[in-house]
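The structure appears below as C-alpha cells.
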Amino acid sequence: MSEPVDFIREIIRDDLAAGRFDRVHTRFPPEPNAYLHIGHAQAILLNYGIAQEFGGKFNLRFDDTNPEKESEEYVAAIKRDVRWLGADWEDREFYASDYFEQLYQWAEELIRKGVAYVCDLPPEELSRQRGQPIRDGDRIITPPGVDSPYRNRSVEENLDLFRRMRAGEFPSGSRTLRAKIDMAHPNLNMRDPVLYRILHARHHRTGDTWCIYPSYDWAHGQSDSIEGITHSICTLEFENHRPLYDWFLDQLGVHHPRQIEFARLNLTYTVTSKRLLLRLVQEGHVRGWDDPRMPTIAGIRRRGYTPEAIADFVRRIGVSKAESIREIELLEHCLRDDLNKRAPRRMAVLEPVKLVITNYPEGKVEEFDAVNNPEDPSSGTRVVPFSRELWIEEEDFREDPPPGFFRLAPGREVRLRYAYFVRCTGVVKDPSGRVVEVRCTYDPATRGGDAPDGRKVKATLHWVSASHAVDAEVRLYDRLFTVPDPLDVPEGEDWIGNLNPDSLVLLRGCKLEPCLGEVQAGEMFQFERKGYFCVDPDTKPGLPVFNRIVTLRDPWAKLQGKL
RNA sequence: UAGGGCGUAGCCAAGUGGCAAGGCAGCGGCCUUUGGAGCCGCCAUUCGGAGGUUCGAAUCCUCCCGCCCUAGCCA
C-alpha cells in the first residue's frame with residue numbers, strides 16, 4: 001500500500017495494527033429521497049475502495065427513516081448508480097427499516113434503564129427548551145436548556161405511553177421518545193435528543209406497520225453496529241453527533257464502530273445538495289434528474305462521463321477535513337485523459353458550410369483510410385469517402401481572418417485531413433451577405449495529406465462528404481451555472497439567477513461521416529477538433545442524437561475569448 | 001467569553017523536528033496530418049499572524065486572527 005494514504009486509511013491501518021479491529025467493513029448509507037450526485041460518488045468510491053484494499057466488506061444500506069420523503073424510485077436509481085460506479089455490495093443490500101423492530105426493542109431497553117422518556121412537548125416548545133442562542137452585546141451565548149416537565153415520568157408510565165405510541169393511539173407529532181442525557185450539555189445534540197416521533201405515514205417498505213419512526217440519530221449508529229461496520233465514514237456535519245452515537249452504543253453495550261468524518265466534495269460551477277438539485281428538477285430548469293447538465297450520477301452518466309474518469313478524479317482530489325471547493329477543470333482533465341485513450345476518432349461537422357472543390361471531377365468518389373485512435377494502434381482504421389462537395393465547419397473559414405487565425409481564408413491553403421491540400425479561390429454568398437459556399441481547388445499531388453515538395457500548411461480541417469453525410473442532432477452542453485460559486489448571491493437574490501442560459505445549445509442538421517449512421521446509446525467518440533461526444537438514449541433509427549461530453553482543450557478558442 | 005472542526009501556491013494536497021512532494025490551472029518552448037495528444041522548462045526563501053522552545057520549526061508551546069458546522073419530531 002504505497003499508494004496515496006489519506007488520513008482515513010491511516011486511521012484504519014493503525015486500528016488494525018493496534019488490534020482495535022481485526023477486519024474492515026464499510027458501508028454507503030444513502031437516504032432514498034433523491035438521486036445521488038458527484039459528491040456521493042466520492043463517498044461510495046472511498047468506502048468501497050477501502051473495503052477492497054483492506055480485504056474487507058462493503059454494504060449498501062438505505063437509511064430510510066423518513067417515509068414522507070422517500071420512495072422506491074430513488075432506491076432503484078441509487079442502486080443503479082452505485083453499481084455503475086463499480087462498487088459491489090454483493091448480497092449485502094440493507095435498509096434501516098429492516099432494523100425497526102430491533103431499534104424499538106432497544107428503545108424500550110433505554111426506557112427500562114431510566115435513560116429515555118416519553119415527552120409531550122409540542123415541537124416549538126421542545127426546541128425552545130433545548131436552548132436558543134442569545135445575543136449578549138457582541139457575543140452569542142448559548143444558555144443551558146430546560147428540563148422537560150415530562151422528564152421524570154416513571155419507567156412504567158414511559159413504557160405504557162411508548163407502547164401506545166406504537167399502537168397508534170396518538171396523533172402525529174403529539175409525543176416523542178427522548179433520551180435522558182443532559183439538558184445543559186454544551187453539545188446541543190446531547191440535550192435529550194428525540195429518538196422517536198409519531199408519524200402516521202405509509203413507508204415505502206414497511207407499509208402501515210409503523211406509525212412511529214426512529215430519528216436518523218437513533219437509527220444510524222445502531223444500524224452500523226448491527227451490520228458489524230468497523231469504520232463509519234461520513235461527512236463533517238456529523239462530527240457533532242459522534243458523542244451522541246457513542247452514548248447510544250455504550251448504553252446498549254453493542255458493537256461500536258469508529259466514526260471518521262471527512263469534508264464533503266464541492267465543485268465550482270455546480271451545486272451539490274440534494275435539496276437544491278431537487279428544486280432544479282421540480283421547477284423544470286433541467287429535463288430531469290438525468291439531464292446531462294446535472295451533477296447527478298445519472299446525469300453525468302447520460303452526459304458520457306465514465307466511471308473510470310470519476311474514479312481517477314476522486315483519487316486525485318484525495319480526502320481531508322479541510323473544507324474546499326474543487327475546480328471543475330480537474331474533473332474535465334480526468335475525463336479528457338480517459339476519453340483520449342479510449343474514444344474512437346470520427347469526423348463530424350457540427351455547423352456546416354459547403355466546400356466545393358472546383359477542379360475535382362464531378363461524380364468521382366475516393367476512399368481514404370482514417371486512423372481510429374492515434375493513442376491506440378490496435379483500434380485500426382476505417383474508410384471515409386471523399387468527393388467534390390464537402391461539408392466543413394463554418395468557423396473554419398473566415399473571409400477576413402483575424403491575426404492568429406490559420407484556418408481557411410481567401411487565397412489560403414489548408415489540409416483536409418487524410419485527403420488533400422485545398423486552396424480557397426472564392427466564396428458564394430446569399431443575398432444577405434452570408435457565406436453559403438466556399439470554393440477551392442485541390443492539389444492532386446498532395447493525396448493523403450502531404451506535399452511532395454515539402455510545403456507546409458498551418459491547419460488541418462475535418463470534413464464530411466456531402467453526398468455521404470449522415471444527419472444528426474447534437475446537444476452542446478456547457479456548465480449549468482455562469483459563476484464558480486452559484487450560491488454566492490446578494491442578499492435577497494435567488495441563486496437560480498446564476499443558471500447559464502446557454503448550458504444547452506441544440507444543433508440540428510449536423511453532418512457526420514457515414515459510419516456514424518448506426519450507433520448504440522452510450523457509445524462514445526471523439527469528433528476530431530471538436531470534443532468528446534456520446535450517443536444519447538433519445539437516438540432513433542435514422543436520427544442519431546449526440547451529447548457533447550467535454551470539448552477538447554482549445555487554445556484558439558481561449559485566445560479569442562481574450563481578444 | 002457555547003460546543004465541535006478547519007487554515008501549506010489561483011484550486012486541491014503531501015509533509016508527523018533536519019531545511020516545502022505531486023496534480024489541476026497558468027506561463028514559455030519543442031513536436032504534431034486534431035490549434036488534440038505527447039515532451040521539456042517555469043510557477044511558495046516559506047506554511048493564517050505574532051511571540052517562544054531548539055543548533056535547527058509548516059511540524060512542539062503560548063496568544064491572536066479568519067472560516068465552517070450544530071441549535072429539525074430532516075438526513
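This one's a predicted model, so the numbers in the text were calculated from it and none came from an experiment.
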Which of residues 176-199 of chain A sit near RNA chain B, with a heavy atom under 4.0 Å from it? Thr176(A), Pro186(A), Leu188(A), Val194(A), Arg197(A)
Decide if atom NZ of Lys321(A) counts as having more than 12 heavy atoms of other residues, nucleotides or ligands within a radius under 6.0 Å. yes
Can you name the side chain to side chain contact (heavy atoms under 4.5 Å, CB included) partners of Arg398(A), sequence neighbours left out?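 If we apply the side chain to side chain contact (heavy atoms under 4.5 Å, CB included) test to Arg398(A), skipping adjacent residues, the hits are Pro401(A), Pro402(A), Phe405(A), Gln560(A).
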What residues, two or more places apart in sequence or in another chain, satisfy side chain to side chain contact (heavy atoms under 4.5 Å, CB included) together with Cys234(A)? Phe238(A), Gln259(A), Glu261(A)
Is any side-chain N of the basic residue among Arg128(A) and Glu125(A) closer than 4.0 Å to the acidic one's carboxylate O?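 Salt bridge: yes.
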salt_bridge(Arg205(A), Glu70(A)) N-O dist < 4.0 Å: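 No, this pair does not count.
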Give the dot-bracket line for RNA chain B from 5' end to 3' end: parentheses for intra-strand Watson-Crick or G-U pairs under 3.5 Å, square brackets for crossings, | for inter-strand pairing, dots for unpaired. .(((((((.[[[..)..(...]]].(((((.......))))).....[[[[[..)....]]]]])))))).....
Euclidean distance for [atom1], [N] against [M] (whole angstrom):
| N | M | atom1 | result |
| --- | --- | --- | --- |
| rC43(B) | rG28(B) | C1' | 11 Å |
| rC6(B) | rA58(B) | C1' | 16 Å |
| rG51(B) | rU46(B) | P | 14 Å |
| rU34(B) | rG41(B) | P | 24 Å |

B/S/- along nucleotides 11-16 of chain B (protein heavy atoms under 4.0 Å) is SSS--B
Check every atom of rA75(B), rU34(B), rC73(B) against the side chain of Phe238(A) and return the nucleotide holding the closest atom.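 Closest nucleotide among those given: rA75(B).
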Candidates rG3(B), rA25(B), rU34(B) - which lies nearest the side chain of His333(A): rA25(B)
Under 3.5 Å, is there an N or O donor on one side and an acceptor on the other linking the side chain of Asn66(A) and the base of rC74(B)?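 Answer no: no donor N or O sits under 3.5 Å from an acceptor.
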Base, sugar-phosphate, or nothing: which does Pro123(A) touch, judged by heavy atoms less than 4.0 Å apart? base
Residues which pass ring-ring contact (aromatic ring centres under 6.0 Å, His included) with Tyr418(A), listed by chain and number, not counting sequence neighbours: none
